[in-house]
Amino acid sequence: MFSTICLLYFGGFLCWMNTSKRIAWANRPAIVASWHKHPNQSRYMATALFVVATVGCVLLLGIGSGLFTAIVLLMLAGSLSVLFFPFRYFGLREMLILYAVCLCLELIF
C-alpha cells in the first residue's frame, strides 16, 4: 500500500511539474504533452492524485499519523522529483519499474 501511495505522490508531482514553463521535458509522453497545452487539466490531475494518496495514508494509519506521513511523503516526492528530474535519472518507465520492485518487496515482507 505504501508503494502505491508513493507512486501517487510521484505521479502528482510529475503532473504538477508539467505545468511549469521553465522545465524543459524533451520527450514527453503523448498524454502529458496534451496536458502541457492545457495546464488546468494537469493541475486537476495532480490535485486528485495528492488527495487520493492522502486519503490512503489516513485510512491506513489513522488521522494523526496518516496526515503526518502524508506530509512527509509529499515532501519526499517533491524533493526527489526536483533533485532527479533535471538529470533525467528517472522517467515514467523507471518510476514504474521502481514501483514494481517496491510492490514486490512490500508483498513479500
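All of these numbers come straight from a predicted model, not from anything done at the bench.
- Every residue two or more places apart in sequence or in another chain that forms a side chain to side chain contact (heavy atoms under 4.5 Å, CB included) with L96 is listed here: L7.
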Show me the donor-acceptor pairs within less than 3.5 Å that the side chains of residues 101-109 make with the rest of the protein, sequence neighbours left out.
unit_1, atom_1, unit_2, atom_2, d
E106, OE1, M1, N, 3.3
E106, OE1, S3, N, 3.1
E106, OE1, S3, OG, 2.6
E106, OE2, M1, N, 2.3
E106, OE2, F2, N, 2.9

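- Annotation: side chain of L49 is not in contact with side chain of F13 (no heavy-atom distance under 4.5 Å).
- With values rounded to the nearest 0.5 angstrom, M45 atom CE is found 12.5 Å from L14 atom CG.
- By the 4.5 Å heavy-atom criterion applied to side chains, R43 and N40 are counted as neighbours.
- For Y99, the side-chain hydrogen bond (donor to acceptor under 3.5 Å, both in side chains) test picks out T4, with sequence neighbours left out.
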Which atom pairs, donor and acceptor, lie under 3.5 Å between side-chain atoms of residues 52-62 and protein residues at least two apart or in another chain?
unit_1, atom_1, unit_2, atom_2, d
T54, OG1, Y9, OH, 2.9
T54, OG1, F50, O, 2.8

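- Sorted by first and then second residue, the side chain to side chain donor-acceptor pair (under 3.5 Å) pairs involving residues 66-80 (not counting sequence neighbours) form an empty list.
- With sequence neighbours excluded, the residues forming a side chain to side chain contact (heavy atoms under 4.5 Å, CB included) with C6 are L73, listed by chain and number.
- Under a 4.5 Å side-chain heavy-atom cut-off, the cluster of Ile, Leu, Val, Met, Phe, Trp and Tyr residues that includes F68 is completed by V72.
- Between the side chain of T19 and the main chain of W16, a donor-acceptor pair closer than 3.5 Å is present.
- In the hydrophobic cluster analysis, where Ile, Leu, Val, Met, Phe, Trp and Tyr join through side-chain heavy atoms closer than 4.5 angstrom, M95 is grouped together with L76.
- Within the model, atoms CD of Q41 and CG of N18 stand 10.5 Å from one another, a figure rounded to the nearest 0.5 Å.
- In this structure, S81 and M17 approach most closely via the heavy-atom pair CB-SD, 3.8 Å.
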